[in-house]
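Just so it is clear, the model here is predicted, and its values are computed rather than measured.
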Amino acid sequence: MYRVFIIAMAMLVVSETHALEMQVKKVKGRKAIVELSESYAVSVGDHLTVTPGGESKKQREVASYAGQPQYAFTGGMDIEGISYESDGADFDVSRTIIDVRFGWVKPQFEAGPILQIDNQTFDFGVGNVEINSIFIGGYGEYNLAPATEKFIPAIGGIIGYTSNELASDVSGFRIQPYVRGKFFLSGGAGVALLGQIGYRYDKLSGNGVDVTGSGLVLNAGIGYYY
C-alpha cells in the first residue's frame with residue numbers, strides 16, 4: 001500500500017510539472033492575455049512562472065514587447081556650429097536651444113511631437129544681434145536594439161516649422177537627421193541619459209529675406225520612459 005502511494009504521488013508530480021504551453025492573445029504594456037493549451041485550475045490573480053529555458057524566438061519577442069515602456073518624455077540642450085547665409089552674406093550663430101519631446105514607444109520605433117526654444121546671437125561682423133525663435137515639429141527614430149535593453153542606439157530625424165525674429169514674418173522649415181544613444185539607469189525603462197549628434201538644415205524666408213543655415217548639432221539630455 002505504501003509503495004502504491006509513492007508511485008501515485010510520483011505520477012501526480014510528473015503530471016503537474018510537465019511543460020505548460022501558453023499562446024499570447026493580446027499584449028498591452030506589461031500585461032498579456034494568454035490561452036492555456038489544456039484545462040488547468042487557475043483563477044484571476046494567480047501567478048504563473050515561466051522558466052527561461054527552451055523558449056522560441058517568438059516567445060522572447062513577446063516577452064520583450066510586454067516589458068517595454070509605452071511613453072517617453074525627454075528634455076535636452078543643443079550645442080551646435082551652424083553657419084547661415086542671407087543674400088550672399090555669411091554669418092555665424094552661437095545658440096542655446098532647449099529641446100523637449102514626448103514620444104510613443106514601440107518595440108523598434110519611437111516618435112512624437114517636439115518643441116525647441118532658441119536663444120541665438122548672430123555675429124554679422126559689425127556687431128552682434130540677439131534673436132529668439134521657436135520650432136514646432138515631430139521626430140521619429142528607429143531603435144537598433146530592442147526597447148528593453150539597457151543601452152539603445154537609434155537613428156532618426158526631426159522635421160517641422162520654425163519662426164525667427166531676424167525680420168518680421170520670417171519663417172520656414174527645419175530638417176535634421178541624427179544618431180542617438182539612450183542609456184537606461186535601470187534597463188529598458190525609467191530614467192535614461194541621452195546623447196545625440198546630427199546635421200541640421202534650416203530654410204527661412206519672408207519679408208524680402210531669405211536665410212539658409214546648416215551644420216553639426218550635438219545634444220545632451222535626460223529622459224523618463226514609462
Can you give me every donor-acceptor pair (side chain of residues 185-192, partner residue at least two apart or in another chain, under 3.5 Å) with its distance?
from : atom 1 : to   : atom 2 : distance (Å)
S186 : OG     : A189 : O      : 2.9

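F102 contributes atom CZ, which lies 14.0 Å from atom CG of L115 (distance to the nearest 0.5 angstrom). Remark: L218 CG to Q196 CD distance equals 9.0 Å, nearest 0.5 Å.
Under the salt bridge (Lys or Arg N to Asp or Glu O under 4.0 Å) criterion, R101 pairs with D99, not counting sequence neighbours. Every residue two or more places apart in sequence or in another chain that forms a side chain to side chain contact (heavy atoms under 4.5 Å, CB included) with I159 is listed here: I175. With sequence neighbours excluded, the residues satisfying salt bridge (Lys or Arg N to Asp or Glu O under 4.0 Å) with D78 are R200.
In terms of heavy-atom proximity, Y178 sits nearest to Q176 at CD2-O, 3.6 Å. Here the closest heavy-atom approach between residue N143 and residue A154 is recorded as OD1-CB, 3.7 Å. Between Q108 and A145, the closest heavy-atom pair is NE2-O, 4.0 Å. I114 and G138 make their closest contact through CG2-N, 3.6 Å (heavy atoms, listed as atom of the first residue, atom of the second, distance).
With hydrophobic clusters built from ILVMFWY side chains whose heavy atoms lie under 4.5 angstrom apart, I155 shares a cluster with F109. Note on L194 and I117: separate hydrophobic clusters, where clusters join Ile, Leu, Val, Met, Phe, Trp and Tyr whose side-chain heavy atoms are under 4.5 Å apart, directly or indirectly. V179 and Y142 fall within the same hydrophobic cluster, defined by Ile, Leu, Val, Met, Phe, Trp and Tyr side-chain heavy atoms under 4.5 Å apart, directly or through other members. There is a path of hydrophobic side-chain contacts, each under 4.5 Å, that joins L193 to F73.
The hydrophobic cluster of Y161 has no other members, since no ILVMFWY side-chain heavy atom comes under 4.5 Å of it.
Side-chain contact between I158 and F135: present, with at least one pair of heavy atoms (C-beta onward) separated by less than 4.5 Å. R174 places none of its side-chain heavy atoms less than 4.5 Å from the side chain of L204. Looking at heavy atoms from C-beta onward, F151 lies out of side-chain contact with E149 at the 4.5 angstrom threshold. With a 4.5 Å cut-off on side-chain heavy atoms, V217 and I97 do not count as touching.
Here ring-ring contact (aromatic ring centres under 6.0 Å, His included) pairs that include residues 190-226, with residues two or more places apart or in two chains, are Y71-Y226, F184-Y225, Y224-Y226.
More than 12 heavy atoms of other shown residues, nucleotides or ligands fall within 6.0 angstrom of atom CG in L144.
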**Asked** After noting the C-alpha distance and the side-chain angles of T74 and R180, does the key distance pass the side chain to side chain contact (heavy atoms under 4.5 Å, CB included) rule?
**Response** CA-CA 13 Å; T74 66; R180 195 181 196 193; 3.6 Å; yes
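Salt-bridge check for E110 with K182: passed, with a basic side-chain N closer than 4.0 Å to an acidic carboxylate O.
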